[in-house]
Trainee: 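My questions will all concern the structure given below.
Computation of the quantities below employed the complete heavy-atom set of this structure, encompassing side-chain atoms and omitting hydrogens, waters and symmetry-equivalent molecules.
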Amino acid sequence: MATPDQKSPNVLLQSLCCRILGRSEADVAQQFQYAVRVIGSNFAPTVERDEFLVAEKIKKELTRQRREADAALFSELHRKLHSQVSNYATLFAQALPRDAHSTPYYYARPQTLPLNYQERSAPSAQSSGSLGSSGISSIGVHTLNGPTPPPPSLLPGQSHLGPGTGDCLRQQLGARLAWTLPASQPSLQTTTSKGVPSAASRSMTRPRRDGDAGGAVEVTEAALVRDILYVFQGIDGRNIKMSSADNCYKVEGKANLNKSLRDTAMRLAELGWLHNKIRKYTDQRSLDRSFGLVGQSFCAALHQELKEYYRLLSVLHSQLQLEDDQGVNLGFESSLTLRRLLVWTYDPKIRLKTLAALVDHCQGRKGGELASAVHAYTKTGDPSMRSLVQHILSLVSHPVLSFLYRWIYDGELEDTHHEFFVASDPTVKTDRLWHDKYTLRTSMIPSFMTMDQSRKVLLIGKSINFLHQVCHDQTPPTKMIAVPRSAEPLQDAADLFTDLENAFQGKIDAAYFETSKYLLDVLNRKYSLLDHMQAVRRYLLLGQGDFIRHLMDLLKPELARPATTLYQHNLTGILETAVRATNAQFDSPEILKRLDVRLLEVSPGDTGWDVFSLDYHVDGPIATVFTRECMSHYLRVFNFLWRAKRMEYILTDIRKGHMCNAKLLRSLPEFSGVLHHCHILASEMVHFIHQMQYYITFEVLECSWDELWNQVQQAQDLDHIIAAHEAFLGTVISRCLLDSDSRALLNQLRAVFDQIIELQSTQDAICRAALEELQRRLQFEDKKKQREAEGQWGVTAAEEEQENQRIREFRESIPKMCSQLRILTHFYQGVVQQFLVLLTTSSDESLRFLSFRLDFNEHYRAREPRLRVSLGARGRRSSHT
């Protein structure tokens, strides 16, 4: 048998008695029992309304014993006590242990209660003999009147209690259990209902009737009460045990109980089932490290509620132990009964039901998801249940708030168990920090926080880390954010649940605005973000007109060569020459050094025009806005705009050639028809290109850029700038026919561009042949005049015949030239016609309006029925509007 613990209260108390009296343990047995009696005495006041009833009973008892003087003295003492103490409940509440160091015995280890108890109907001699066996189990039950006076039987050299002392003690202990009732409960001790068996008959075991089953024993209510108190703690009793098959407590089949007691016992046993459910959850999760801080806080909140539940059980056990230890029948008015237990455990049962429902709902959840599950139970109309859940939620949300404040004020994320709704990916490099490193865990966002609040919280910490790691700005967050960090997280939790729109929302908004404003200021002041955006607009989107035109003039000889013969350093030198010769020279050196030449991948047959491109190098923080994807989009847009600009450049050369050739070839009247045909076709192409340039420059680029610039000026955070910039690029890509939906339109437009290039080569060949013919005719005439001046014949018959033959051949080639131009015109108009059909069926309204401008004289409408129907119907609708 194990030796008793040398630190236990019983051993220490016995050692104290031996030291004070100077005797051995065997000689101080009576004094030790008396000491246990003093320590275990009850500080149990009555309910205020029963005070005078008890006082009247005491005075009647004293009068019945012919002790009128004692009755008068008691009345006077009671009056003085009542005048000094106005509220017994207040004094008792102060006497109850409330801190962690004064936890009742049954809260610390409820499973250690001994099951080898004896029946309450045992003889009083055995009960009095067990005074010392209860140990310290009744500590925590106090009395307002101080320790019970020492009975004479426990003092050295005195006899046992007199015959009247026991009766007097019974009257003094009459209503000691009344304090266990809540203040709002009606008194159950003032009257006794008729028809209820007396205390003596209640505690008596009835003999088995003749009709009872063999071996069945009639179980008394007192035994059931004792069993129920153990069931409350999840411990099987003698007659009520846990059924694993049915997952509930059941009364033993051999116990002979009437239906009323059995039903009452089963109703009370539900409290033990609820306790087991909650205790099992906390025991399993408390040792699970992966459950996280939020889960541990939830378990701590459940433990706190169980602690209050164990306080009640401690009081009930103390009352039961008191009745057994005193060996005194306290009477039915103050004894523990099943019905009284039903009343006293009504509120605890509701609380345990709420906790059990929370445990079921929170299974498999952790972190913010667990907090959301608890928050869902606050939406109830029961004030007490809502108050309980809100208290638990304030404890559960405390780690979430700690994560949140650490994130928004320091930019630090210490989430070992992945409980916070902000996730970090340590594998992401610095250049992708803003886009990929920090994300939202949607499942972990607490339901008491909105998505907008979560997004702001993410941006606050992300901005702090972006400043430190990418911008290399080591300014402490305390200088960025003027809002002081909260030192009362529990108060913040209360604010969170009572005033989301003001108290908690205000802190997040203040930190969000201050951090985002500081970040944008650093980007604009230190890294010139807006200047780089303007530079991209001027150079990659061809906004710097004089620079682009001069660059084309300088690059024309180089780009006319095959793409394989180009060298990047030559093109870079031409680029620098164009910069120095135009207004681009006044840009910042930081911008000009980022401007460069880029050669695309060469395909067979490509010329320099097909592979040339301008490039703008971005790095550091501005690369967060101008990402690789964005720069690839800019490259596509530049190639499209550069090609369209080249078409305009070609048509300008064609028009200049027309003006020069019209004067030079006046002496060739047979060639005038060819020139006229070229002029008409070139005019159609010029109109087409001008309308396309107007659409691209003003309706697409300028309008989209103006919208982007306004959004950038009004942006509150970096995400707003990135979103506006991506929307700008998306609009430009789609309206410049570079997206996947406009592939057919882009193919037709490129076919138009090819026809323009074909016209240039055709016209150059025709004009070259005409100029050669003109040159030969002029040479023939000059030779003729020179001979005549020398006194010779101007020409011989053979030379004249040869000249006439050449002229006839040239005149015969003119119809071929005209035929070639007519074929080119036919192909060109067919491509434009198909392009117009696609424009009219486009979902973009601006493209449909472009079709009106391209076919302003309805030339193509007359040729194409589909254009006639579509354009006419749209024209009528527009005229009605």
Side-chain angles (χ1 to χ4, degrees), residues 640 643-644 646-648 650-652 654-655 657-658 671-700 735-738 741-763 765-766 814-881:
F640 173 77
R643 190 175 181 85
R646 182 195 173 196
M647 297 302 107
E648 183 182 8
I650 290 175
L651 289 174
T652 302
I654 291 176
R655 294 297 294 271
H658 285 167
F671 196 71
S672 61
V674 178
L675 290 177
H676 178 68
H677 203 157
C678 286
H679 179 72
I680 291 176
L681 182 56
S683 296
E684 289 186 26
M685 293 180 175
V686 167
H687 168 71
F688 182 89
I689 293 299
H690 281 180
Q691 292 301 322
M692 287 300 301
Q693 285 284 5
Y694 173 85
Y695 166 75
I696 294 171
T697 303
F698 295 100
E699 295 189 16
V700 178
R735 299 185 69 181
C736 285
L737 314 179
L738 298 176
D741 297 334
S742 305
R743 191 175 301 276
L745 276 169
L746 183 61
N747 291 335
Q748 293 298 319
L749 185 59
R750 287 175 176 172
V752 172
F753 291 165
D754 292 340
Q755 295 302 313
I756 294 175
I757 297 174
E758 185 67 22
L759 173 63
Q760 183 189 31
S761 61
T762 301
Q763 178 176 300
I766 291 174
I814 289 178
K816 294 181 181 179
M817 296 178 184
C818 292
S819 176
Q820 190 176 2
L821 289 174
R822 281 195 299 269
I823 293 173
L824 182 60
T825 302
H826 175 75
F827 278 118
Y828 169 76
Q829 291 184 349
V831 173
V832 171
Q833 181 175 299
Q834 184 62 29
F835 183 72
L836 291 175
V837 171
L838 294 176
L839 284 181
T840 56
T841 58
S842 174
S843 59
D844 191 346
E845 188 179 26
S846 61
L847 292 177
R848 295 199 300 269
F849 285 137
L850 175 62
S851 67
F852 288 109
R853 295 198 298 272
L854 292 176
D855 191 28
F856 71 100
N857 59 356
E858 298 184 353
H859 169 73
Y860 294 98
R861 177 188 172 190
R863 298 176 54 184
E864 175 58 52
R866 289 178 295 175
L867 289 177
R868 191 180 308 125
V869 174
S870 180
L871 289 176
R874 297 182 186 278
R876 284 195 298 272
R877 284 199 297 269
S878 62
S879 64
H880 289 313
T881 57

Trainee: How many angstroms lie between atom CG of L850 and atom OG1 of T840, to the nearest 0.5 angstrom?
Mentor: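 Answer rounded to 0.5 Å: 11.0 Å.
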Trainee: Kindly write out the residues that satisfy side-chain contact (heavy atoms from CB on, under 4.5 Å) with F856, not counting sequence neighbours, or none if the list is empty.
Mentor: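 side-chain contact (heavy atoms from CB on, under 4.5 Å) list for F856, sorted by chain: H687.
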Trainee: Are R853 and Y695 close enough, and set up right, to give a side-chain contact (heavy atoms from CB on, under 4.5 Å), and what steps lead you there?
Mentor: CA-CA 10 Å; R853 295 198 298 272; Y695 166 75; 3.9 Å; yes
Trainee: Show the nearest heavy-atom pair for residues I689 and A644, with the distance to one decimal.
Mentor: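 Scanning both residues, the minimum pair turns out to be CG2-O, 4.5 Å.
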Trainee: Quick one, N747 and L745 - any side-chain contact, counting heavy atoms below 4.5 Å?
Mentor: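 The answer is no; the side chains never approach within 4.5 Å.
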Trainee: Report yes if some heavy atom in the side chain of I757 is under 4.5 Å from a heavy atom in the side chain of R646; otherwise report no.
Mentor: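 Touching, per the 4.5 Å side-chain cut-off.
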Trainee: Supply the atom-to-atom distance Q693 CD to F688 CZ, rounded to the nearest 0.5 angstrom.
Mentor: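 The distance works out to 11.0 Å.
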Trainee: With sequence neighbours excluded, tell me which residues meet side-chain contact (heavy atoms from CB on, under 4.5 Å) with Q834.
Mentor: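 Residues passing side-chain contact (heavy atoms from CB on, under 4.5 Å) with Q834: Q748, L838, R866.
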Trainee: Could you give me the CA-CA distance, side-chain angles and deciding distance for M817 and H677, then say whether side-chain contact (heavy atoms from CB on, under 4.5 Å) is met?
Mentor: CA-CA 10 Å; M817 296 178 184; H677 203 157; over 6 Å; no
Trainee: Return the set of residues passing side-chain hydrogen bond (donor to acceptor under 3.5 Å, both in side chains) with Q833 (not counting sequence neighbours), or none when no residue passes.
Mentor: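 E864.
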Trainee: Hey, what do you get for CG (L847) to CZ (F852), rounding to the nearest 0.5 Å?
Mentor: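 Result: 12.5 Å between the selected atoms.
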Trainee: What is the distance from atom CD of Q820 to atom OG1 of T825, rounded to the nearest 0.5 Å?
Mentor: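 Q820 atom CD to T825 atom OG1 measures 10.5 Å (nearest 0.5 Å).
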Trainee: According to side-chain hydrogen bond (donor to acceptor under 3.5 Å, both in side chains), who are the partners of R750, at least two apart in sequence or on a separate chain?
Mentor: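 R750 satisfies side-chain hydrogen bond (donor to acceptor under 3.5 Å, both in side chains) with no other residue.
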Trainee: Would you compute the distance between atom CD of Q755 and atom OG1 of T762 and round it to the nearest 0.5 angstrom?
Mentor: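 So the gap between those two atoms works out to 9.0 Å.
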Trainee: Got V832 and L854 here, is their nearest side-chain heavy-atom distance under 4.5 Å?
Mentor: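 The answer is no, as the side chains (C-beta and beyond) never meet within the 4.5 Å cut-off.
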Trainee: Output all residues satisfying side-chain hydrogen bond (donor to acceptor under 3.5 Å, both in side chains) with D844, sequence neighbours left out; order by chain, then residue number.
Mentor: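 For D844 the side-chain hydrogen bond (donor to acceptor under 3.5 Å, both in side chains) partners, ignoring immediate neighbours, are S846.
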Trainee: Compile the donor-acceptor pairs under 3.5 Å between side chains in residues 678-685 and protein atoms, sequence neighbours left out, one pair per line.
Mentor:
{"from": "S683", "atom 1": "OG", "to": "H679", "atom 2": "O", "distance (Å)": "2.8"}
{"from": "E684", "atom 1": "OE1", "to": "Q829", "atom 2": "NE2", "distance (Å)": "3.3"}
{"from": "E684", "atom 1": "OE2", "to": "Q829", "atom 2": "NE2", "distance (Å)": "3.2"}

Trainee: Could you tell me whether the side chain of T652 and the main chain of E648 form a donor-acceptor pair under 3.5 Å?
Mentor: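 Confirmed, T652 side chain pairs with E648 backbone.
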Trainee: A quick test of your reading: do over 12 heavy atoms of other residues, nucleotides or ligands sit less than 6.0 Å from CZ of R643?
Mentor: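 Enclosed.
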Trainee: Yes or no on side-chain contact (heavy atoms from CB on, under 4.5 Å) for V831 and D754, after CA distance, side-chain angles and deciding distance?
Mentor: CA-CA 10 Å; V831 173; D754 292 340; over 6 Å; no
Trainee: Between atom CG of L749 and atom CZ of F640, what is the distance when rounded to the nearest 0.5 Å?
Mentor: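 Between L749 CG and F640 CZ, I get 5.0 Å after rounding to 0.5 Å.
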